[in-house]
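Working notes, structure below.
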Amino acid sequence: MPAYHSSFNEYPDTRVVGNLAILPIKSKFRGPAPLADPNEADIVDEALDLFRANSLFRNFEIKGPADRLLIILILFISDCLAKIGAARTPPSQIEATKSLNTLAVDNFPIPGDATFALNAHYAPPQSRADAEYLRGYLTQVRQELAARLVEKLYADGTGKPSKWWMSFQKRRFMNRSLGTQ
């Protein structure tokens, strides 16, 4: 059975930096990302929906620039779950929000940087301006993803993260990690 690919691979008029798609998102955070229709799913929703199924796969065939963004988001979700799971006691929703927001805005490597884990699959940005735009876009997407992940983790109202999500904290999609912990 093949892994699930992004439905945004065929999205019209997508800006591409390097070979990574810059897709619209529904965001509460400031940044360069184009705004998506609030009534439709965006790439962040898709990453959250496909995370658990795709994290079971060791191989992933990249079929377009949106798949490259999906890979980065799935690996970031993995790092977020590992960060929450590393705490001695399960963090409250507020503590998890603070922790994951800090993780989202911390300095991180982008495609083309020497420390980026997946450089073999990603083209570097063409210019310094593109690199700064990509860093700003990925920061905004990571902040939005972290906020929505916390909402899903604590949706049951018990004040503890969902065990159904936390059971994936040790799973590594494609046996990789972004190493942002």
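Side chains are part of it too, since the values below use all heavy atoms of this structure and drop only hydrogens, waters and symmetry mates.
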Exercise for review: Give, for atom SG of Cys80 and atom CG of Leu145, the distance between the pair rounded to the nearest 0.5 Å.
Suggested key: 6.0 Å
Check your understanding: Considering all heavy atoms of both residues, which atom of Ala66 and which atom of Leu23 are nearest to each other, and what is their separation?
Key -> CB-CD1, 3.9 Å
Revision key, fill the gap. Between Leu69 and Ala21 the two heavy atoms that sit nearest each other are CD2-O, 3.6 Å
**Study point:** Nearest heavy atoms of Lys26 and Asp42, plus distance in Å
**Key:** N-OD2, 2.8 Å
Review point. If you round to the nearest 0.5 Å, how far is CG of Leu70 from CG of Asn9?
Key: 8.5 Å
Review point. Do side-chain atoms of Glu46 reach the backbone of Ser6 as a donor and acceptor pair under 3.5 angstrom?
Key: no
Check your understanding: Is there a side-chain contact between Lys160 and Thr89, using heavy atoms and a 4.5 Å cut-off?
Key -> no
Review point. Has the side chain of Asn101 got a donor or acceptor atom that lies under 3.5 Å from a matching backbone atom of Ala146?
Key: no
Exercise for review: Answer whether the closest heavy-atom distance between the side chains of Leu103 and Phe108 falls below 4.5 Å.
Suggested key: no
Study note, to complete from the structure: Value for CG (Asn54) from CG (Leu75), rounded to nearest 0.5 Å, stands at 10.5 Å
Study note, to complete from the structure: Interatomic distance, CG@Asp67 vs NE2@His121, rounded to 0.5 Å, equals 12.5 Å
Revision key, fill the gap. Note: Phe8 and Ile43 closest approach over all heavy atoms is CE1-N, 3.7 Å
Check your understanding: Taking the side chain as C-beta and beyond, is there a heavy-atom pair between Pro24 and Tyr11 under 4.5 Å?
Key -> yes
Review point. Does a side-chain heavy-atom distance below 4.5 Å link Ile72 with Leu20?
Key: yes
Practice item. Evaluate the side-chain proximity of Asp130 to Arg15: yes if any heavy-atom separation is below 4.5 Å, no if none is. Key: yes
Review point. Roughly how far, to the nearest 0.5 Å, is the CG atom of Leu48 from the NZ atom of Lys152?
Key: 6.0 Å
Review point. When you measure from the side chain of Ser99 to the backbone N and O of Glu95, does any donor-acceptor pair fall under 3.5 Å?
Key: no
Check your understanding: Quick one: does Ile71's side chain get under 4.5 Å of Tyr122's, heavy atoms only?
Key -> yes
Exercise for review: Compare all side-chain heavy atoms of Tyr154 with those of Pro161 and state whether any distance is below 4.5 angstrom.
Suggested key: yes
**Study point:** Nearest atoms (heavy-atom pairs only) where Glu144 meets Lys28
**Key:** OE1-N, 3.0 Å
Review point. For the hydrophobic clusters of this structure (ILVMFWY residues joined by side-chain heavy atoms under 4.5 Å, transitively), does one cluster hold both Ile110 and Phe29?
Key: no
Review point. Should we say atom CD of Gln126 is surrounded by more than 12 heavy atoms from elsewhere, each under 6.0 Å from it?
Key: no
Study note, to complete from the structure: All heavy atoms of Ile84 vs all of Ala96, minimum pair found to be CD1-CB, 4.1 Å
Check your understanding: Under 3.5 Å, is there a donor-acceptor pair between the side chain of Arg142 and the main chain of Leu100?
Key -> no
Review point. Any side-chain donor-acceptor pair under 3.5 Å between Thr115 and Asp113?
Key: no
Check your understanding: Any link between Leu56 and Met166 through a network of hydrophobic side chains (Ile, Leu, Val, Met, Phe, Trp, Tyr) touching at under 4.5 Å?
Key -> yes
Review point. Is there side-chain contact between Leu134 and Ile22, with heavy atoms separated by less than 4.5 Å?
Key: yes
Check your understanding: With under 30° as parallel and over 60° as perpendicular, where do the rings of His5 and Phe60 fit, or are they tilted in between?
Key -> tilted
